Amino acid sequence: GCTMMGDKFPNIDRISAVRCPTMVIHGTEDSTIPIEHGTSLYASIEEDFKATPFWALGKGHNDMDYNFDPLIERLQLFLQEHMEEYLCKEKKKKKFNLKGVISPSSSKLTP
């Protein structure tokens, strides 16, 4: 990808350097940043770090809030899947203090 001149967010130029699970979230009706930017960004993520994207059907640029259940559910799945992997790696390194993990049945941290 290539960033357009004047773009403050050159994500497409930087995504190849990302080395962690990455989930793209983009509204299909975004008139500020077209969906093609999101799909191009997703296509540019290294396969080992691609998480299932969330294409918010019928949503625009800033109209997904914390009450948007489909997004919350997808974020919970993403965090459960990838935090478990991360916590296992960190526990093996013995650098991570397991004071709280995401509960599979809720979005709250549990002590």
Side-chain angles (χ1 to χ4, degrees):
C2 183
T3 300
M4 297 292 288
M5 190 188 307
D7 189 342
K8 290 193 234 179
F9 305 104
N11 299 326
I12 196 75
D13 297 333
R14 296 176 177 167
I15 196 67
S16 64
V18 173
R19 296 286 174 259
C20 64
T22 304
M23 179 176 73
V24 174
I25 301 168
H26 204 106
T28 60
E29 301 302 317
D30 190 333
S31 60
T32 304
I33 301 173
I35 185 69
E36 291 79 16
H37 286 226
T39 57
S40 295
L41 189 64
Y42 176 72
S44 299
I45 298 170
E46 188 174 312
E47 286 299 320
D48 289 344
F49 304 114
K50 274 187 182 179
T52 303
F54 183 79
W55 309 123
L57 300 178
K59 295 293 184 176
H61 190 70
N62 284 324
D63 56 357
M64 287 181 275
D65 62 19
Y66 64 89
N67 288 321
F68 188 53
D69 289 340
L71 175 59
I72 298 304
E73 290 167 11
R74 181 66 66 81
L75 285 171
Q76 285 176 326
L77 289 173
F78 173 80
L79 291 172
Q80 287 168 5
E81 178 181 349
H82 297 288
M83 285 302 293
E84 181 177 324
E85 179 183 323
Y86 173 78
L87 292 174
C88 289
K89 286 179 184 177
E90 291 302 310
K91 190 174 180 183
K92 285 179 185 176
K93 290 181 192 177
K94 297 182 182 178
K95 291 182 179 177
F96 192 78
N97 185 354
L98 283 175
K99 289 189 177 185
V101 296
I102 294 177
S103 166
S105 61
S106 89
S107 61
K108 297 179 182 176
L109 289 176
T110 56

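Heads up: numbering here begins at 1 and tracks the sequence. None of these values were measured; they are calculated from a predicted model.
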When every non-hydrogen atom of Ile35 is compared with those of Gly27, the smallest separation belongs to CD1-O, 3.8 Å

Decide yes or no for Arg74 and Met23: does some side-chain heavy atom of the first lie under 4.5 Å from some side-chain heavy atom of the second?
yes

Nearest heavy-atom contact between Val24 and Gly38 is CG1-O, 3.8 Å

Indicate every side-chain donor-acceptor pair of residues 54-63 with a distance under 3.5 Å to a residue at least two apart or in another chain.
from	atom 1	to	atom 2	distance (Å)
His61	ND1	Asp30	OD1	3.4
His61	ND1	Asp30	OD2	2.8
Asp63	OD1	Gly60	N	2.7
Asp63	OD2	Gly60	N	3.2

| task | Using the rule that two of Ile, Leu, Val, Met, Phe, Trp, Tyr join whenever any of their side-chain heavy atoms come within less than 4.5 Å, decide whether Val18 and Ile45 are in one cluster. | result | yes

Rounding to 0.5 Å, atoms CG (Asn11) and NZ (Lys8) come to a distance of 13.0 Å

Return yes if some donor-acceptor pair links the side-chain N/O of His26 with the main-chain N/O of Pro53 below 3.5 Å, else return no. no

request  = Give a yes or no on whether the backbone of Glu36 and the side-chain of Thr39 come within a donor-acceptor separation of less than 3.5 Å.
outcome  = yes

### Message
Could you see if Ile25 belongs to whatever hydrophobic cluster contains Leu77? Use Ile, Leu, Val, Met, Phe, Trp, Tyr and a side-chain cutoff under 4.5 Å.
### Response
no

CG of Asp13 to OG of Ser44, rounded to nearest 0.5 Å, is 9.5 Å

Single-linkage hydrophobic cluster Leu71~Phe78, side-chain heavy atoms < 4.5 angstrom
yes

**Asked** Checking Ser31 side chain against Glu29 main chain: does a donor-acceptor pair fall under 3.5 Å?
**Response** no

